[in-house]
Amino acid sequence: MSHGYLSPTGLEIAFVLIGLVTLGSGLLVVTVKNLVHAALWLLVCMGSIAVEYLLLTAELLAWIQVLIYAGAIIVLFLFGLMLTRAPIGPTEELNVRHRWPALIVGLGAAGTLVTVIVQAYQHTWFDPRGAVPLGSGEALGTQLFKYWVLPFEVLSVLLLAALVGAIVLSRRGRDTEEAEA
Amino acid sequence: MHAVYPLVLGALLFAIGLYGVLARRNAIAVLMAIELLLNAVTLNLVSFSAILRDRYGMGQIFTLFIITIAAAETGLGLAIVLLVYRQRATADLGEQRALAEPVEPVTADELSPRNVEAEVAR
Amino acid sequence: MNLLALIASLLPALGAAVTAAGGRDLRHVKFWSTAPVGAALLLTLLVAIDHGSGGASVHTYSIGTAGAFHVEIGTRVTGLSAIIAVLVAGVAICVQVFSTTYLGGEPRYPSYAALISLFTAAMLTVVYSADLVVLLVGWEIMGACSYFLIGHYWEKPEARPASIKAFLMTKAGDVPFLFGIIALGVQAHSFQINAVLAATGQDRLHHPAWIAFLLLCGVLGKSAQFPLHSWLPDAMAGPTPISALIHAATMVAAGIYVVALLYPVFALCQAVLIVMAIIAAITMTGAALCAFAQTDIKKILAYSTVSQLAYMLGGLAVGGRSQAIYLLLVHGAFKALLFLAAGVVIHRVGSNELSAMGGLRYRMPVAYTTMTIGLLALAGIPPFSGFFGKEAVLGAAYNATGEFAAPGRIVLIFGLITAGLTAAYSLRLWLGVFHGPFPDAPHEHEATVEAPQPELIPLILLAVPAALLGIVVLFGSGFSNYLGGWYGEAGAAGADLWPGGLTTLLSLLFVLGFGGLVFLAWRRDEGADPARALLGPVRPALVNGFYFDRLIDAAVVRPTRAAARLVGFLDANVIDAYVRGSGTGARGLGTVLRRLQTGSVQFYLTCLFLGVVIMAAVYAYVGTVS
């Protein structure tokens with residue numbers, strides 16, 4: 001099987017097209033002037049990444065991405081927007097006054113990373129279909145509970161701590177109550 | 001599939017996230033950009049998992065962990081933003097200047113040799 | 001015997017420490033300042049008797065190895081060092097006893113007594129040391145003690161500059177002296193005196209003349225010879241007993257002692273001997289003239305000391321080693337006596353000035369008698385000790401042959417003139433203090449004003465050797481044999497100290513001539529100063545020591561001050577400008593950089609990531625290229 005840039009497979013074409021959607025929606029997330037729109041574009045971005053996961057044969061991850069990111073986290077953001085009474089309509093206050101340093105850093109990071117990656121992996125091909133068995137729910141569950149039990153448990157403790165922390169932080173303190181009363 | 005496609009996609013997404021973190025002023029918008037950063041990383045992990053065919057599923061399982069952690073981070077981050085908003089009535093990062101050094105102008109008199117000597121003597 | 005010598009040099013140091021430690025109690029101070037020095041005197045006497053004429057006895061303790069040198073410190077006893085040690089300890093005990101009442105009531109007496117004891121220890125160390133480094137240590141401690149003791153009355157405006165002057169002038173000589181000692185030690189491969197002398201004897205020194213000149217500089221400073229002499233007259237600002245101990249009998253004698261100790265080094269080159277002779281000639285005559293013109297009796301004695309030390313140096317320049325040492329011994333006795341007696345007189349009269357004295361003959365009989373003996377010895381009147389000492393040196397100069405012949409001529413001519421001048425100023429001093437009218441009281445026969453006993457006993461004790469040390473010449477060459485040869489060996493053929501015929505006659509003629517002139521001038525007006533009549537217009541120059549201080553002021557002090565002002569100016573206006581500039585620059589930079597601390601987290605983060613990206617890019621580039 002010969003490889004080449006000029007004879008892309010169907011998988012590659014699909015991947016690149018979805019990738020363009022991802023990048024475009026990502027760019028909109030960080031540039032649009034309406035905060036609610038940004039959250040919604042983030043939803044699109046997450047969804048397209050989930051599709052990319054599918055193309056990379058990470059089946060289980062794709063569904064988790066949709067469930068947790070596209071579902072739970074976006075909803076969290078929308079709640080946050082409501083609670084902080086963020087401006088709903090388009091506003092200029094969303095961005096810092098001077099954006100060119102951020103632009104320089106972003107372009108620099110992109111240039112450096114892309115250059116390095118292209119240099120390192122320009123002759124590497126792989127067949128995603130061969131990796132299908134690794135991404136299934138069964139395979140991932142087996143590995144998780146065979147090799148990664150301890151981090152998994154530690155992570156549960158971390159989640160608990162985050163839960164408690166979030167509650168403590170967002171609970172109205174006694175002094176605040178008194179001040180308001 | 002050529003390995004460069006998913007990796008370059010991850011790199012560009014990372015750069016966009018970085019720009020977002022630095023360019024956004026609203027705290028919630030910054031948190032969104034951080035999500036983009038995390039997603040860029042997970043995309044890379046999944047790609048490498050597929051490229052390298054690792055038997056232990058390291059890339060995908062770490063992605064799983066990162067998604068979990070990202071969820072926790074977002075929850076905590078929003079809680080902090082709420083707290084800041086409650087205390088200062090704004091979620092604008094540009095207004096948070098408590099770290100700044102108070103600038104008091106140095107007078108020329110303070111730098112004159114006589115005063116420096118007096119300071120040393122003291 | 002070497003152990004006794006070691007103990008003798010350590011005892012006064014112990015006494016100094018104990019004296020200084022318990023300074024409150026006067027009895028404690030008096031006991032601990034006198035007893036250890038007295039014990040040291042006994043020990044030095046024992047050492048001198050035990051030694052006999054037995055060459056050099058060396059005993060050293062090995063300390064370790066320092067580079068190429070094996071360090072051994074210890075004692076070296078020869079006839080020379082044994083006899084000088086007796087002189088040192090003897091004068092020191094007299095001075096300490098004298099000081100118990102003379103300075104006993106003063107608030108700083110304890111530190112004074114401790115310094116005298118320390119000084120004695122240092123001088124004994126110099127005398128008994130077996131190697132040149134320890135000798136140098138003692139030499140420098142003496143310099144420091146001298147500085148402190150001259151400045152004892154630091155309230156007096158003339159004492160402070162005098163002490164600094166003494167310190168600087170002796171140090172000016174000590175620096176070359178140090179180099180000389182290093183050169184000697186390096187070339188002899190050992191600092192042991194015996195080894196150095198042996199190397200000299202085998203002609204293993206490369207540039208003996210240069211070494212001798214370097215050493216000579218130290219000697220000139222310590223022994224107050226031209227051109228480093230002017231500190232000694234100024235040093236009279238210190239208490240009188242100090243002058244007796246340090247500036248007459250011991251410290252200034254250290255220079256002469258070192259020349260005698262390392263005599264072969266000096267005798268190797270005739271140029272050195274001629275320079276020594278010229279310096280001695282200039283110093284002895286000039287100082288004697290100055291002594292004749294002075295009105296302060298302590299300064300008279302100080303210039304007389306300079307002159308007599310020049311005599312000794314002259315004796316050494318003509319090969320008269322034992323003669324010079326004999327004069328040193330004799331001079332130590334009578335000059336200490338003179339200073340102590342002068343101290344008694346000054347204390348009772350309340351002034352140093354000759355014009356404030358006169359007619360004290362009946363009021364102070366003991367001081368009169370003893371000082372008369374001392375002055376007779378100084379003037380060189382037979383049969384007092386000074387006569388024999390002076391004659392020995394003049395005889396050596398007259399009989400000098402070979403390489404010593406040329407310096408011999410110089411020393412002989414100027415020695416004879418100085419002998420006459422010495423008699424003249426001695427007579428003037430004697431007449432001025434004890435004869436003639438007393439300025440304040442018309443009656444000579446007033447009640448006697450006598451000093452307390454602890455002051456008189458040392459006077460009487462010192463008067464005995466001052467009068468009788470001439471006995472030594474009866475033994476002919478016995479004294480020289482006792483001293484030992486140049487290299488510290490026993491049984492060398494020693495010089496005969498018996499006065500020679502022609503020189504004795506000539507010097508007596510000079511003494512009588514000059515003395516007669518002074519006496520005639522005095523007879524004309526008993527209240528007036530004979531120096532005024534005799535010297536006429538040159539007197540102011542002599543009173544001011546030939547304006548030598550002004551010369552030094554113009555040649556050394558003023559250029560130094562100007563250089564100091566220049567350095568001060570450079571420091572204040574050039575170097576400080578950089579210092580101030582760096583301060584201002586740092587603050588200015590801080591003010592600029594402080595603007596960067598905006599408090600905006602995103603700004604900080606931008607800077608951080610900018611750095612990270614740059615570093616990553618550079619790292620990737622470097623990695624790709626290599």
Side-chain angles (χ1 to χ4, degrees), chain B residues 7-8 10-34 36-37 40-41 44 77 80-81 84 88 90-122, chain C residues 154 160 164 560-626:
Chain B
L7 296 178
V8 167
L12 292 177
L13 204 58
F14 184 85
I16 289 170
L18 198 55
Y19 168 77
V21 168
L22 301 180
R24 290 299 210 180
R25 219 160 86 182
N26 188 287
I28 293 174
V30 170
L31 278 177
M32 289 182 197
I34 290 175
L36 285 182
L37 283 176
V41 173
N44 249 354
I80 291 171
V81 171
V84 170
R88 310 189 178 178
T90 176
D92 191 341
L93 287 180
E95 305 283 316
Q96 315 298 330
R97 295 290 174 104
L99 286 176
E101 168 97 353
V103 175
E104 46 201 53
V106 181
T107 58
D109 187 45
E110 207 176 329
L111 287 176
S112 79
R114 205 170 345 111
N115 281 10
V116 172
E117 273 160 29
E119 216 165 282
V120 169
R122 216 183 311 133
Chain C
W154 43 257
R160 275 164 290 166
I164 290 168
T560 311
R561 283 230 175 109
R565 268 198 298 277
L566 179 68
V567 169
F569 173 81
L570 291 179
D571 184 49
N573 292 294
V574 178
I575 295 177
D576 275 8
Y578 289 113
V579 176
R580 277 199 295 274
S582 66
T584 319
R587 288 194 84 144
L589 196 63
T591 327
V592 172
L593 288 180
R594 193 143 65 162
R595 309 251 179 240
L596 289 179
Q597 299 293 318
T598 56
S600 162
V601 183
Q602 277 173 313
F603 177 72
Y604 299 162
L605 208 59
T606 308
C607 294
L608 175 72
F609 275 112
L610 194 63
V612 170
V613 165
I614 290 171
M615 281 197 289
V618 169
Y619 189 71
Y621 177 75
V622 171
T624 318
V625 169
S626 65

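Reminder, nothing fancy here: chain letters follow the sequence lines and each chain counts from 1.
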For residues 560-567 of chain C, please give each side-chain donor-acceptor pair under 3.5 Å, one per line with the distance, not counting sequence neighbours.
unit_1 : atom_1 : unit_2 : atom_2 : d
C:T560 : OG1    : C:V556 : O      : 2.4

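Scanning residues 24-34 of chain B against chain C with a 4.5 Å non-hydrogen threshold yields B:R24, B:R25, B:V30, sorted by number.
With respect to chain C, the highest number of heavy-atom pairs below 4.5 Å among B:L18, B:L22, B:V21 belongs to B:L22.
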